[in-house]
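Taking it in order: structure first as structure tokens, then the write-up.
Numbers here simply count residues along the sequence, with the first being 1.
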Amino acid sequence: MMHVFIAVFCVIGAFAIRNDMNDVYVMAAFGVVGFVFSRLSLPVTPLAFGLILGPILEENLRRSLMISRGSWSIFLERPISAALIAVCAVLVALPLLAAIRTRLRQRADA
């Protein structure tokens, strides 16, 4: 019963923002995506973070590139930003390297 109230409030909130039914359709589509993610035991939190932080990231990226006149080197000029980019690159690369190492071991064993 509580799910019905939550769904009704979500529809009302999605429609109330801009009085546009397309917002309700988008809300319903992402609700289905969230349901599929939960059925597949995939985490929904990264999807929510991406939806919330994505526009903010895009706006600030555009602003930074406008300040630097389109030069991407602005992100490497300061040591702290270069270090953060390096840490992110390592965190992305570690699972990839582990997967490659696992496949090489499986091929060696076979």
Side-chain angles (χ1 to χ4, degrees):
M1 184 68 177
M2 190 61 126
H3 297 297
V4 174
F5 289 120
I6 293 172
V8 168
F9 283 126
C10 287
V11 170
I12 291 171
F15 184 77
I17 291 174
R18 293 189 308 172
N19 293 332
D20 188 7
M21 277 303 290
N22 289 328
D23 292 339
V24 176
Y25 299 143
V26 169
M27 184 247 358
F30 280 107
V32 170
V33 169
F35 178 75
V36 170
F37 272 36
S38 68
R39 288 291 182 190
L40 296 174
S41 299
L42 295 171
V44 181
T45 308
L47 177 68
F49 278 151
L51 289 173
I52 293 168
L53 297 177
I56 298 169
L57 174 74
E58 183 179 357
E59 180 182 341
N60 287 310
L61 175 67
R62 184 180 54 82
R63 186 176 298 148
S64 298
L65 289 173
M66 286 174 60
I67 290 170
S68 70
R69 298 176 194 248
S71 174
W72 287 82
S73 66
I74 192 170
F75 301 109
L76 300 174
E77 289 176 356
R78 304 283 180 174
I80 189 74
S81 62
L84 287 173
I85 289 173
V87 167
C88 288
V90 167
L91 289 175
V92 168
L94 283 177
L96 296 174
L97 292 174
I100 291 171
R101 186 178 307 148
T102 302
R103 284 190 182 175
L104 289 176
R105 283 185 189 156
Q106 288 174 350
R107 286 184 184 172
D109 291 342

[X] and [Y]: same hydrophobic cluster, using ILVMFWY side-chain contacts below 4.5 Å?
{"X": "I85", "Y": "W72", "answer": "yes"}
{"X": "F30", "Y": "V24", "answer": "no"}
{"X": "V11", "Y": "V33", "answer": "no"}
{"X": "M27", "Y": "I6", "answer": "no"}
{"X": "V36", "Y": "L42", "answer": "yes"}

Quick one: side chains of residues 75-82, donor-acceptor pairs under 3.5 Å with protein atoms, not counting sequence neighbours, listed by atom name and distance.
| unit_1 | atom_1 | unit_2 | atom_2 | d |
| --- | --- | --- | --- | --- |
| S81 | OG | F75 | O | 2.8 |
| S81 | OG | R78 | O | 3.0 |

**Message:** Nearest 0.5 angstrom please: L91 CG to L96 CG, how far?
**Reply:** 11.5 Å
**Prompt:** Do you know the tightest heavy-atom contact between V92 and P95?
**Reply:** O-CD, 3.4 Å
**Request:** Please report the shortest heavy-atom distance between G50 and P55, naming the atom on each side.
**Result:** O-CD, 4.3 Å
**Message:** Can you tell whether the side chains of E59 and R63 come within less than 4.0 Å, N to carboxylate O?
**Reply:** yes
Scan the side chains in residues 102-110 for donor-acceptor partners under 3.5 Å anywhere in the protein, sequence neighbours excluded, and list what turns up.
| unit_1 | atom_1 | unit_2 | atom_2 | d |
| --- | --- | --- | --- | --- |
| T102 | OG1 | A98 | O | 2.8 |

**Fill in**
Residue pairs passing the side-chain hydrogen bond (donor to acceptor under 3.5 Å, both in side chains) test with at least one member in residues 20-44, sequence neighbours excluded, are R18-D23
